[in-house]
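Okay, structure first, notes after.
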Amino acid sequence: MINITLPDGSVKQVSKGSNALDLARQISEGLARNVLAAKVNGKVIDATLPLYEDAHLTLLTWNDPEGKSTMWHSSAHLMAEAIELLYPGVKFGIGPDIENGFYYDIDFCDYDISEKDFSKIEKKILELAKEKQTYQRKEVSKADALDYFSKKGDEYKLELIQDLEDGQITFYKSGQFTDLCRGPHIPNTGFIKAVKLTKVAGAYWRGDENRKQLTRIYGITFPKKKELTAYLEMLEEAKKRDHRVLGKELGLFTFSQKVGLGLPLWLPRGAVLREQLEQYLKRVQKEAGYEPVITPHIGNVNLYKTSGHYQKYGEESFKPIKTPVEGEEFFLKPMNCPHHCEIFNSSPHSYKELPIRYAEFGTVYRYEQSGELHGLTRVRGFTQDDAHIFCTPDQIKSEFNGVIDIVQQIFTAFNFNDVIIQISLRDPQHPEKYIGSDENWEKAENAIKEVAEERGLNAIVEYGEAAFYGPKMDFMVRDAIGRKWQLGTIQVDYNLPERFDLTYIGADNEKHRPVMIHRAPFGSMERFVAVLIEHCGGNFPLWLSPDQAIILPISEKYQNYAEKVLLLLKKHEIRTVIDDRSEKTGRKIRDAELKKIPYMLIVGEKEEASGSVSVRKHGEGDLGTFSIEDFAQKINSEVNKLINY
RNA sequence: GCCAGCAUAGCUCAGUUGGCCAGAGCAGCUGAUUUGUAAUCAGCCGGUCGGGGGUUCGAAUCCCUCUGCUGGCUCCA
């Protein structure tokens with residue numbers, strides 16, 4: 001007998017050679033029916049793999065992330081089996097599970113594949129799933145593995161096997177499909193009750209654009225049909241919230257072929273929204289000791305030679321523009337830091353002045369490949385809520401703290417309650433990849449780690465993800481329907497101060513090198529607005545809404561009164577409009593609801609007589625009658641509460 | 001840039017296998033209506049069917065090409 005310790009600390013005894021499934025049956029048949037895999041001593045394995053020693057064991061079901069991954073990975077195999085049956089002779093690359101489902105990269109040789117073929121493949125998958133095929137694990141020697149796939153004529157698998165160590169190679173066979181695979185897998189295909197192939201895309205073999213492009217088919221599976229339905233509903237919801245759709249509907253921004261790819265045009269209502277964001281951040285930054293600076297949209301090529309960006313990115317940038325007479329070259333600025341360095345350099349600095357914080361809503365231009373452009377989240381011209389902090393190495397920690405304060409304040413203000421923080425540090429194996437002294441790196445990395453710890457931030461630490469010039473902290477948020485977005489970033493930089501020969505005079509009367517911190521809490525205005533639109537589904541918080549209130553006169557007779565109300569509300573800086581069309585009230589309300597205007601003010605005979613407005617809140621309904629003054633107070637206090645001064 | 005799909009009025013979409021002056025709803029304009037918490041009625045305007053080339057007696061429809069959009073891949077200061 002062996003002792004198996006479960007997560008709750010209880011110990012079960014099972015006979016040697018039993019597997020996780022046997023153990024589950026000991027607990028309950030119902031549990032056993034749901035076990036997808038098992039985690040043994042921290043490693044996920046097949047639930048059917050025999051156990052020979054005492055171990056800590058967790059049974060994994062659909063409710064565990066690892067259970068889902070296992071199921072999806074097994075689904076990739078099942079899809080491959082279905083495809084092989086339907087299209088004999090195709091060759092397989094890799095087929096992993098991903099965050100939402102799985103994919104398989106397949107060389108379809110002479111077959112043409114498009115989304116039209118999905119339903120056929122889905123049908124086949126479900127058919128095979130019903131057979132409850134088991135996934136049989138088999139250890140094979142490298143020679144046998146090579147032999148199998150050379151007979152099959154699958155050069156991709158052969159290439160993968162070449163890189164593997166003999167003795168560590170396993171095959172999994174389900175139904176008629178055998179695949180090179182390290183596992184683990186679900187007990188049998190019967191768990192897969194619903195499948196949806198989601199997209200087809202080209203993907204280079206091993207991500208290398210010089211190699212053959214395979215066809216990647218994405219899919220997702222579920223243990224219950226109902227879950228697939230819910231997933232499809234979520235996708236529908238995401239579609240409705242798509243910032244490109246809402247941006248058009250709400251008149252926020254547009255694109256023009258004539259202006260150019262990836263160059264957003266902000267419409268008046270979008271500009272109001274963006275201006276609110278900028279004003280808000282400017283106020284927060286002013287309080288935090290930032291000084292605004294303004295720099296031009298272009299910079300001499302020498303600026304980027306000094307910064308090093310020319311060498312690194314010159315080829316992938318918009319080509320430089322030239323002065324007509326001298327032939328001097330200028331780049332559209334791809335970032336603001338070099339300009340800010342020169343501002344710092346424009347006068348000598350004492351240690352007493354540090355930290356110096358230059359902030360600018362700087363518009364930058366980057367050449368993105370045409371296929372990469374996407375709404376406002378991926379553009380060629382965008383405005384960063386940029387700032388650069390010049391400080392001493394000892395000040396890094398407190399500056400980091402200050403920036404995190406701002407970031408958190410912002411996330412709270414916008415109701416992003418689920419924030420994921422990633423700290424990116426050096427790869428300890430390859431110190432040569434980074435510039436700057438070990439001592440400085442350690443100081444900065446420790447500062448970041450300490451700050452995270454002291455603040456109790458739930459941060460993921462990733463080694464080897466740092467930029468070559470310094471460690472960084474990135475902020476991701478989860479939106480209202482669970483999608484992850486990368487927003488703000490804080491980066492420590494030892495490189496640019498060196499390249500621009502930035503100095504300050506220390507207390508010892510000697511020159512010292514300052515450290516630079518790049519930071520952008522929103523990331524870019526474009527991206528942030530896009531994420532915000534999708535997060536709130538276009539129902540902006542009152543303080544950001546382009547129109548905060550709309551006055552709906554019952555008929556033309558109350559037009560004068562409506563204008564009087566408008567004037568009063570404008571005096572209170574409430575963004576208000578009037579719907580003076582000759583329409584019925586129901587129609588005006590409907591249109592205002594569709595435009596997602598937070599407050600509708602209905603005015604007719606009663607209201608005019610008593611100097612009041614009848615208030616209807618977007619999405620909620622009638623709130624009753626308020627005097628104009630009371631309504632203005634209500635709005636303003638609501639706005640103040642939302643921005644949380 | 002690469003793979004796949006798509007492109008019909010400002011927007012959302014019809015337009016069977018190529019065949020009369022290319023349709024609808026919404027929006028817009030004009031008029032009537034003067035309206036009380038999610039769509040008042042009528043009329044009008046609006047399109048070289050993304051651009052170019054080809055096949056055909058005849059092309060929105062078939063072929064080629066370019067442009068743009070969508071979903072991926074690759075890259076991202």
Side-chain angles (χ1 to χ4, degrees), chain A residues 98 103 105 108 112-118 198-218 235 239 242 244-245 248-249 251 254-258 260-262 304 307-317 331 333-338 364-375 378-380 384 386 467-469 472 486 489 491 493 495-496 518 520 552-559 580-595 600-607 614-625:
Chain A
I98 51 175
Y103 66 79
D105 283 346
F108 273 93
D112 270 336
I113 277 307
S114 77
E115 289 180 18
K116 290 189 195 89
D117 304 294
F118 281 4
T198 47
K199 48 207 167 204
V200 53
Y204 299 108
W205 173 234
R206 308 205 122 176
D208 182 345
E209 60 182 304
N210 297 313
R211 307 197 60 179
K212 181 155 184 177
Q213 192 160 36
L214 306 181
T215 305
R216 176 172 296 179
I217 296 184
Y218 287 87
L235 290 185
K239 233 188 208 166
D242 190 321
R244 293 164 303 178
V245 174
K248 190 180 267 177
E249 275 175 20
T254 188
F255 289 89
S256 148
Q257 245 188 78
K258 274 192 187 129
L261 288 186
Y304 302 107
S307 72
H309 293 111
Y310 179 82
Q311 293 83 329
K312 207 160 177 214
Y313 299 104
E315 284 306 305
E316 301 155 37
S317 298
F331 272 99
K333 72 174 167 186
M335 81 296 306
N336 305 298
C337 22
V364 298
Y365 301 90
R366 296 177 186 176
Y367 174 79
E368 302 284 357
Q369 296 190 93
S370 58
E372 267 313 295
L373 302 169
H374 178 93
R378 205 56 189 259
V379 287
R380 284 180 173 169
Q384 295 178 309
D386 212 358
F468 75 94
Y469 51 79
K472 61 180 183 175
Q486 153 99 53
T489 178
Q491 308 182 353
D493 185 356
N495 181 40
L496 286 181
H518 308 246
L552 312 177
I554 296 283
S555 84
E556 247 167 46
K557 288 182 225 155
Y558 312 106
Q559 180 67 17
D580 57 6
R581 294 173 304 167
S582 127
E583 291 287 354
K584 289 170 128 175
T585 308
R587 176 56 185 271
K588 293 185 182 183
I589 286 171
R590 180 185 150 80
D591 288 346
E593 289 281 358
L594 290 175
K595 280 199 240 160
M600 286 151 273
L601 308 176
I602 294 137
V603 297
E605 193 180 346
K606 276 185 290 178
E607 289 76 12
S614 185
V615 180
R616 179 188 166 103
K617 191 166 184 180
H618 167 62
E620 287 182 26
D622 198 350
L623 297 188
T625 306

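Chain A is the first sequence line, chain B the second, and so forth, proteins listed ahead of strands; every chain is numbered from 1. Because the structure is a prediction, the values reported are computed rather than measured.
- Arg587(A) has a carboxylate O that lies under 4.0 Å from a charged side-chain N of Asp591(A), or vice versa, which qualifies the two as a salt bridge.
- In this structure Asp117(A) satisfies the side chain to side chain donor-acceptor pair (under 3.5 Å) test with no other residue, sequence neighbours excluded.
- Residues satisfying the salt bridge (charged side-chain N to carboxylate O under 4.0 Å, His left out) test with Glu556(A), not counting sequence neighbours, are none.
- Partners of Ala203(A) according to the side-chain contact (heavy atoms from CB on, under 4.5 Å) rule, which considers only residues two or more places apart in sequence or in another chain, are Asp105(A), Arg216(A).
- Contacts of Lys258(A) classified as salt bridge (charged side-chain N to carboxylate O under 4.0 Å, His left out), with partners at least two apart in sequence or in another chain: none.
- Straight-line distance between the P atoms of C20(B) and C64(B): roughly 25 Å, to the nearest whole Å.
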Give me, pair by pair, the N or O atoms of the protein and of nucleotides 44-52 of chain B that are less than 3.5 Å apart, along with how far apart they are.
none

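- Qualifying salt bridge (charged side-chain N to carboxylate O under 4.0 Å, His left out) partners for Lys472(A), counting only residues two or more places apart in sequence or in other chains: Asp474(A).
- Considering only residues two or more places apart in sequence or on other chains, Tyr310(A) meets the side chain to side chain donor-acceptor pair (under 3.5 Å) condition with none of them.
- Residues forming a side chain to side chain donor-acceptor pair (under 3.5 Å) with Lys584(A) (at least two apart in sequence, or on another chain): none.
- Looking at residues two or more places apart in sequence or on another chain, you find no side chain to side chain donor-acceptor pair (under 3.5 Å) involving Arg380(A).
- Qualifying side-chain contact (heavy atoms from CB on, under 4.5 Å) partners for Asp242(A), counting only residues two or more places apart in sequence or in other chains: Arg244(A), Val245(A), Glu534(A).
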For nucleotides 1-12 of chain B, read 5' to 3', which letter fits each nucleotide if B means a protein heavy atom sits under 4.0 Å from the base, S means only the sugar-phosphate is that close, and - means neither?
BBB---------
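- Non-hydrogen atoms lying under 4.0 Å from RNA chain B are contributed by Ser582(A), Glu583(A), Lys584(A), Thr585(A), Gly586(A), Arg587(A), Ile589(A), all within residues 581-589 of chain A.
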